[in-house]
> 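There's a structure below that I have some questions on.
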Amino acid sequence: MKKLINDPDHVVDEMLDGIAAAHADVIRRLPGWNVLVRKDAPMIGKVGLVSGGGSGHEPAHAGFIGENMLDAAVAGEVFTSPAPDQILEAIKAVDSGNGVLLIVKNYSGDVMNFDMAAEMAAAEGIDTEQVVVKDDVAVENEEDRRGVAGTILVHKIVGTAVEEGLNLQEAAELAHQVSGSMKSMGVSLQPSTVPASGKPGFTLAEDEMELGTGIHGEPGMERKKLKSADAITEELLEKVMAELEVSSGDETAVLVNGQGSTPLMELYIMYRKAEEILTENNISVKKAMVGEYMTSLEMAGCSFTLLKLDSTLNKYLP
Amino acid sequence: MKKLINDPDHVVDEMLDGIAAAHADVIRRLPGWNVLVRKDAPMIGKVGLVSGGGSGHEPAHAGFIGENMLDAAVAGEVFTSPAPDQILEAIKAVDSGNGVLLIVKNYSGDVMNFDMAAEMAAAEGIDTEQVVVKDDVAVENEEDRRGVAGTILVHKIVGTAVEEGLNLQEAAELAHQVSGSMKSMGVSLQPSTVPASGKPGFTLAEDEMELGTGIHGEPGMERKKLKSADAITEELLEKVMAELEVSSGDETAVLVNGQGSTPLMELYIMYRKAEEILTENNISVKKAMVGEYMTSLEMAGCSFTLLKLDSTLNKYLP
Amino acid sequence: MEITSAEIKRWLFMANEKMQYNKDYLSELDQAIGDGDHGHNMARGFQETVESLKDDNEEDMGAVMKSAAMTLISKVGGASGPLYGTAFLKASDEWKGKQVVTAGEFAKGIEAAVEGIKTRGKAERGGKTLLDVWIPVLEYVQNQELVPTELTKTAKEAMEGTADMTAKKGRASYYGEKSTSHLDPGAYSSYLLFEALAEAVTKEEEG
Amino acid sequence: MEITSAEIKRWLFMANEKMQYNKDYLSELDQAIGDGDHGHNMARGFQETVESLKDDNEEDMGAVMKSAAMTLISKVGGASGPLYGTAFLKASDEWKGKQVVTAGEFAKGIEAAVEGIKTRGKAERGGKTLLDVWIPVLEYVQNQELVPTELTKTAKEAMEGTADMTAKKGRASYYGEKSTSHLDPGAYSSYLLFEALAEAVTKEEEG
Ligand SMILES: Nc1ncnc2c1ncn2[C@@H]1O[C@H](COP(=O)(O)OP(=O)(O)O)[C@@H](O)[C@H]1O
Ligand SMILES: Nc1ncnc2c1ncn2[C@@H]1O[C@H](COP(=O)(O)OP(=O)(O)O)[C@@H](O)[C@H]1O
Ligand SMILES: [Mg+2]
Ligand SMILES: [Mg+2]
Ligand SMILES: [Mg+2]
Ligand SMILES: [Mg+2]
């Protein structure tokens, strides 16, 4: 394991200090907590937006704190959901009396910890709503689908909407709409190594790829021989398009998300093919995002997220 | 070599198409050329700003096209400077009669190709000025110093200034001032692999790092045992601070640049220590940038750039 | 047979020792069908639990369990934090105000814990989770006098039984069929917990 | 001895063959003290050069060289593109309007080329670059009748001599002392170029 770190046990703490120091104009850290909040939180009159999860997915989620995005991000240990008391602190720090929407990725740990935090918040008289994002179509059963890169689209769209005055109920409904209108799927070429364990999360042969790997290296749908960028794009996008049930004339937003060590060059090569396929199917791309939004440390690979737009989503699309 | 590509000979072409497709609201590709220009170029009344170099450093340079930044970026083959006719096309596309400033990294190939392009532009009656960035203090001899991540600060500061109306002479002077006021140095942990060659550019043992590696994997100052993030930050920053001759009371901008596969987590851990050291020396950080600005494909490691500010630079600092 | 708050405390201390000792093994189990952090999570949580109990003269069993629950909830994280935390919290409710509980009262605490885990994890028996140890242990303490060696045996066999199951909940569920033949890490840490209980009440008898 | 525009064309075609054949070797040399692309750069440039000359009946040597220069400038990139391109361009100026040149005129072209490389690359002899082949070749053609085998020998020995030099210019200069004992890739491609010239004029004599 070759990493620019000091002590595996301190990576999250030191990273949070680094983020807070570098972006002190936008962000502050709640002293003693693994929580970063928007400097001017709570924003009077606005529904608070909180997300979080295990660390190692940077820039998710702290990198999405700011205007038209999150009010707070809670960081767990690397790839480990944060505990409810951490989440509760975030909720308390951003609630201005208008309630707080929690954006949760569908992992057992995250769901349970956010549930407990919501119960604790209720006990303190703070209203919360939750949206559990399940965009990863690599998992067959819809209820078990993991939350992956599409989560960022929820941050951005709902973030814009609450800034424009949506109340908690409306924000939750919109979040469910975004979440229900998008599907994602990824491919991995190389694993990542969690600092505490020091060992790669999985192994792949030099000519192998894994389709549908989760953002912590959970197994995907299938291992097979590495193919060309175009062939992989076709395979992933076809699955995503079929699951999303897009059809001719639809408008979409596309997110090509790098998993950590895949050069932007490769992401753009894949995007190129994706737009070609969509155009062939008479599906238009209103917004393209290509880059690292939800990483898995230094995992190599990428994912596609397709969001089907309608007039409501278009209104708040950044 | 595990890469999401189609044909090593087409990576640059396909990437450029991908960038142009994804960001069609800001950027267009000159048909038949490896040149991306700002959609609304040439901007009437404004000095044009052109940079470029070998590909593989994405988001540099095309990712810095836009308001308050570049008007065009020229892409060579991977890690190979672009040819003068490509650069000339970029110059012609962005010149609005106010001349064009070329921002060049100090590599033999880049310098010669940009020189030739400038001569060709002169033959067509277009005024150009050049700034050759030499921020990499890993090279002893000042004239031979390579242009690395600091180049982005030239894009941003001069980009802002020309938008505010500086003429070509003034823009060139400012560019020289920025370039002369900053120093950089990096550390690498893992090499990258150029698609065409398929072989890693260098090798490092599992416990080794190289101080001062160039952005194409050129040898640095020294190979030694990998140390802690804090110890590396100290070593790099001390060298940079000494070369820049910063002293108590100075104001700076700091750029921690990821080389490609180093997680943001690690960059922030390093930034945290850097700010600590600067603060101890009573040097203030007015602007911090942490992320991937000038990568080397999937190389692992990072660099620090320190820019000493004065009232002029402060005025245009984004 | 009765269980005292001193035994409960000893239980937690011994559980911590086992979590520390088996930290890498638990994470290895989790590496195979999860994300390799279960040992780290449990070791971190129990370490903190004993830290906060060390200088505490609390005699109320419910209060001891509640303090442990709160520490686990806030220090373990992941999936196991809320699950162990909820289990301890529900048990603490049953034992509130008591310095000693009867076998029946003890079983009531474990029953509440199991209910808590089920509700929190939306899980059932047979899903290859820690429940597959907790439920057999519950049935044992509901129906028999607590014989330490028997308790350990029950927990151990139940833990071993998870190797035959296919994961339906948590991270391991993504491994589908591939999870079969592996032990569930949460089941293993629960086995360690009940082994610690057995040893804690044995020591008492010896003492 | 005179050199005709047909020979110049044959030179370029044979040079291309050598660049293609030695593409990987040149890149390997460049991998050791550069960035491993020199073979790819040269092969790409010369391939395009012959493509554009193939169906061209140009008889003016200057025009042939200028066309080659422009192709090299626009297709090679890197450091070697402007250097070879400038060299060819400067030579083309000297040979403009001629279908055949004398040995003296030929040497004048090479002299202009060398000056071009020096100015463009701000380089001198002994810096471990292609100049360390071009300058000995220039001295040879200035002072002797062009004997193909002798020309090849001169270029080859000059190329081999770069192994004893420490790079002062270009990417290899970053390797400092470490560059010593390696052949310079640009010197090697220049050796190939002059070997091709020797063979091109030999063939003519045979034909
Ligand atoms: N929904 C659930 N219900 C019951 N137990 C669960 C559930 N999800 C996970 N577990 C248990 O938690 C264990 C994994 O815990 P841990 O590795 O600490 O958390 P994470 O899975 O978040 O990394 C599993 O082995 C399993 O026993
Ligand atoms: N400034 C210079 N002057 C003369 N020759 C140079 C100079 N810089 C580089 N070279 C030559 O160019 C060769 C490298 O070319 P190439 O690998 O194609 O370009 P790059 O170095 O840009 O990758 C070197 O081996 C050397 O002979
Ligand atoms: Mg975990
Ligand atoms: Mg090169
Ligand atoms: Mg786990
Ligand atoms: Mg080279």
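In what follows, chains carry the letters A, B, and so on, assigned in the order in which the sequence lines appear, proteins first and then strands, with residues in each chain numbered from 1.
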> Would you give the length of the straight line joining atom OG of B:Ser197 to atom CD of D:Glu28, rounded to the nearest 0.5 angstrom?
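If we round to the nearest 0.5 Å, B:Ser197:OG and D:Glu28:CD are 10.0 Å apart.
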> If you tally heavy-atom pairs under 4.5 Å against chain D, which of B:Pro84, B:Ala138, B:Gly214, B:Gly212 wins?
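Of B:Pro84, B:Ala138, B:Gly214, B:Gly212, B:Pro84 has the most heavy-atom pairs under 4.5 Å with chain D.
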> Shortest non-hydrogen contact from B:Tyr107 to D:Arg171?
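The pair with the smallest heavy-atom distance is CD2-NH1, 3.9 Å.
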> Flag yes if more than 12 heavy atoms outside D:Lys96 fall under 6.0 Å of its NZ atom; otherwise flag no.
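Incorrect, the count does not exceed 12.
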> Check this for me: B:Lys2, atom NZ, are more than 12 non-hydrogen atoms of other residues, nucleotides or ligands nearer than 6.0 Å?
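Check passes, neighbour count above 12.
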> Would you mind checking which part of B:Glu77 comes under 4.5 Å of any heavy atom in chain D, side chain (CB onward), backbone (N, CA, C, O), both or neither?
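B:Glu77 touches chain D through side-chain heavy atoms alone.
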> To the closest 0.5 Å, what do you measure between NE2 (B:His216) and CG (D:Asp37)?
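The NE2 atom of B:His216 sits 9.0 Å away from the CG atom of D:Asp37.
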> Closest heavy-atom contact between B:Pro219 and D:Tyr174?
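Heavy atoms of B:Pro219 and D:Tyr174 come nearest at CG-O, 4.0 Å.
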> Between B:Pro191 and chain D, with a heavy-atom cut-off of 4.5 Å, which part of the residue counts as in contact: side chain, backbone, both or neither?
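For B:Pro191, neither part sits under 4.5 Å from chain D.
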> Donor-acceptor check, side chain of B:Glu218 to backbone of D:Asp35, threshold 3.5 angstrom: yes or no?
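Such a contact is absent between B:Glu218 side chain and D:Asp35 backbone.
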> Can you confirm whether more than 12 heavy atoms, excluding those of B:Lys239, are under 6.0 Å from its NZ atom?
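Result for NZ/B:Lys239: enclosed.
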> What are the residues of residues 78-86 of chain D, in order of number, with any heavy atom under 4.5 angstrom from a heavy atom of chain B?
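When heavy atoms of chain B are the reference, residues 78-86 of chain D contributes D:Gly78, D:Ala79, D:Pro82, D:Leu83, D:Thr86 within the under-4.5 Å range.
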> If contact means a heavy atom pair closer than 4.5 Å, which residues of residues 119-128 of chain B contact chain D?
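The stretch touches chain D at B:Glu119, B:Met120.
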> If you count every heavy atom of other residues, nucleotides or ligands that lies below 6.0 Å from D:Lys156 atom NZ, does the total exceed 12?
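No, not enclosed.
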> If I measure from the heavy atoms of chain B, does D:Ser173 come under 4.5 Å with its side chain, its backbone, both, or neither?
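Neither the backbone nor the side chain of D:Ser173 comes within 4.5 Å of chain B.
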> Kindly compute the distance separating CG (B:Asn113) from OG (D:Ser74), expressed to the nearest 0.5 Å.
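If I round to the nearest 0.5 Å, the distance is 10.5 Å.
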> Check whether B:Asn34 gets within reach of chain D through its side chain, its backbone, both or neither, counting any heavy atom under 4.5 Å.
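Contact with chain D: none, neither part.
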> At a heavy-atom separation under 4.5 Å, does B:Asp85 approach chain D through its side chain, its backbone, both, or neither?
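Interface part for B:Asp85: side chain.
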> So with a 6.0 Å cut-off around NZ of D:Lys90, is the heavy-atom count from everything else above 12?
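For D:Lys90, atom NZ is not crowded (no more than 12 foreign heavy atoms under 6.0 Å).
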> Which residue out of D:Val76, D:Asn41, D:Ile73 racks up the most heavy-atom pairs below 4.5 Å with chain B?
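Winner by heavy-atom pair count: D:Ile73.
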